[in-house]
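A short worksheet on the structure shown next.
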Amino acid sequence: MKLLHIDASILGARSVSRELSALIVERLTADQDTHVTYRDLAVAAIPHLTVATLPTAHPASKMAGSFEQHCPDDPRR
């Protein structure tokens with residue numbers, strides 16, 4: 001089984017949701033051969049999805065204007 005474990009709380013070790021998700025992963029992987037991929041969004045944040053970063057085929061992207069207009073310094077240009 002493959003499992004994606006994502007933590008996003010900025011509270012770190014004091015986070016109840018992190019503690020709970022770790023217990024769930026522990027229980028799910030106890031009796032099985034499981035590959036767990038772990039992502040911590042508080043440590044390695046991903047860029048936010050905004051209307052300006054939507055694919056141009058999405059109808060809402062036309063309302064936002066160009067990506068360059070909203071994010072002139074973004075290296076993804």
Task: Interatomic spacing from OG1 in T29 to NE2 in H5 - rounded to 0.5 Å - done: 10.5 Å
Open item on the list: Could you measure the distance from the OG atom of S17 to the CG atom of D7? Nearest 0.5 Å is fine.
Closed with: 6.5 Å
- [ ] Test K2 against T37 for side-chain contact (heavy atoms from CB on, under 4.5 Å), laying out the working first.
- [x] CA-CA 8 Å; K2 291 184 179 182; T37 300; over 6 Å; no
Open item on the list: Please determine whether residues I24 and L4 belong to a single hydrophobic cluster, defined as Ile, Leu, Val, Met, Phe, Trp and Tyr linked transitively by side-chain heavy-atom distances below 4.5 Å.
Closed with: no
Task: Verify same cluster id: Y38, V25 (apolar side-chain graph, 4.5 Å) - done: no
Open item on the list: So does L11 get a backbone contact from the side chain of S15, meaning a donor-acceptor N/O pair under 3.5 Å?
Closed with: no
- [ ] Look at the side chain of R18 and the backbone N and O of S9, then say whether any donor-acceptor pair between them is shorter than 3.5 Å.
- [x] yes
Open item on the list: If you count heavy atoms of other groups shown closer than 6.0 angstrom to CG of L23, is the number above 12?
Closed with: yes
